[in-house]
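Scroll down for the structure; my scribbles are underneath it.
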Amino acid sequence: MDSQTIQQSLGALKRALLLHVGQGKQLLLEELDASRLAQLEYLAALPLKGPQAPPAAKPRQQESRPLVAVSARAADSLPPAEEGSHETAPITRVEPVAPPSSLPEAPKRVLDPGLAPSLDSLHLRFRNCMDCALGEGRKSFVFGEGNGSAELMVIGEAPGEEEDRQARPFVGRSGQLVTQMITAMGISRESVYICNAVKCRPPGNRAPKKEEVAACRPLLERQIELLRPKVILTLGNVATHALLPTGEAIMKIRGSVQQYGKRLLIPTFHPSYLLRSPVHLKEAWEDMRKVRAKLFSTPQAQPREST
Ligand code: URA
């Protein structure tokens, strides 16, 4: 990157920061376009000394780069902040859970999901994602929906035809069953957060390939970090194996209480499977009772920690 580009990037950041200081607003990185944002992320990765040196070759999974690092460096060329100005909140980045060994490495990204400060921001950054081949065939990038402070996060496999059309998860036939499973626990669909392990529809509703799941995993991981649910309910093999390092089939692992970082994770059957094999509805219902018990357990037993 040449010095003129760096100057332009810093200029854009400075203008955004001054706006932030002047208006007491949160800095909205989406105000900068994606390529500018990528440059700023590149700058944020530079070591503090020797800004022309390339960023240290660290695996992306282990990076911990608070947004304040960007502003701290840019602040060298800024006037001191006026009294009463709001600090830009640092982005919390927890130690990522090791990716399941069954998944390949995620591709190198232009934008780092770990730097998105909110679910909305994460959605905005990745709505035009082309990190795997599914980007070419989709109508919609189906990010997820629901309560941004939900204690229950429901994760499916990938959007189907109807989800792709409406840009919403679980709105087709299996979506009706998911809604029934949620309401059977005595909670409303609107109060939970629902998404899929893969955000774009695989052609012909085939199962997503491992590399497609791997490409989406950092995004899913960041969704979990930002939401901080008490319980994650994974529906079927794909969602479960996207997060857990187990190769155990859903038939064996369903209903067990697993740990995903600081979150509890309970796998159950995928609703499409339940529609084809209603004989397993009884077990699915037992799993929902377990989810419900964990959700309503005392705060002391399951503290909602900050990350
Ligand atoms: N619809 C979704 O959104 N996800 C699935 O896994 C299946 C249908």
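We count residues from 1, following the sequence as given. In each ligand, atom 1 is the first atom listed, and ligand 1 is the first ligand listed. Just so it is clear, the values below take in all heavy atoms, side chains as well, and ignore hydrogens, waters and symmetry mates.
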Problem set entry | Identity and distance of the protein heavy atom lying nearest atom 4 (N) of ligand 1 |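 Answer, as residue, atom name and distance: Asn196 OD1, 2.7 Å.
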Exercise. Tell me: protein heavy atom nearest atom 5 (C) of ligand 1, and distance?
Worked result: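 Closest protein heavy atom to atom 5 (C) of ligand 1: Ala158 O, 3.1 Å.
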Exercise. Does any non-hydrogen side-chain atom of Cys195 lie less than 4.5 Å from one of Val142?
Worked result: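 Val142 vs Cys195: side chains apart.
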Exercise. Just wondering, do Thr268 and Val291 contact through their side chains at under 4.5 Å, heavy atoms?
Worked result: no
For this session: Looking only at distances, please establish whether an N/O atom of ligand 1 is found under 3.5 Å from an N/O atom of Phe170.
Result: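 N/O-N/O distance below 3.5 Å exists for this pair.
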For this session: Before signing off on this row, confirm whether Gly156 and ligand 1 have an N or O atom pair separated by under 3.5 Å.
Result: no
Problem set entry | Distance filter under 4.0 Å to Ser174 heavy atoms, resulting ligand 1 atoms | 7 (C), 8 (C)
Exercise. What atoms in ligand 1 come closer than 4.0 Å to a heavy atom of Glu157?
Worked result: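 Result: 5 (C), 6 (O).
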Exercise. Under 30°, 30 to 60°, or over 60°: which ring-plane class applies to His123 and Phe143, parallel, tilted or perpendicular?
Worked result: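 His123 and Phe143: parallel rings.
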Exercise. Taking the minimum heavy-atom distance to atom 1 (N) of ligand 1, which of Glu161, Glu163, Arg168 ranks first?
Worked result: Glu163
Seminar exercise, completed: Here the pair of heavy atoms bringing Cys200 nearest to Arg138 is SG-NH1, 3.2 Å
Problem set entry | Verdict with supporting geometry, Glu286 and Arg289, salt bridge (charged side-chain N to carboxylate O under 4.0 Å, His left out) | CA-CA 5 Å; Glu286 283 165 14; Arg289 283 177 49 178; over 6 Å; no
Problem set entry | Stepwise salt bridge (charged side-chain N to carboxylate O under 4.0 Å, His left out) check, Glu161 with Lys139 | CA-CA 9 Å; Glu161 188 176 8; Lys139 282 198 185 76; over 6 Å; no
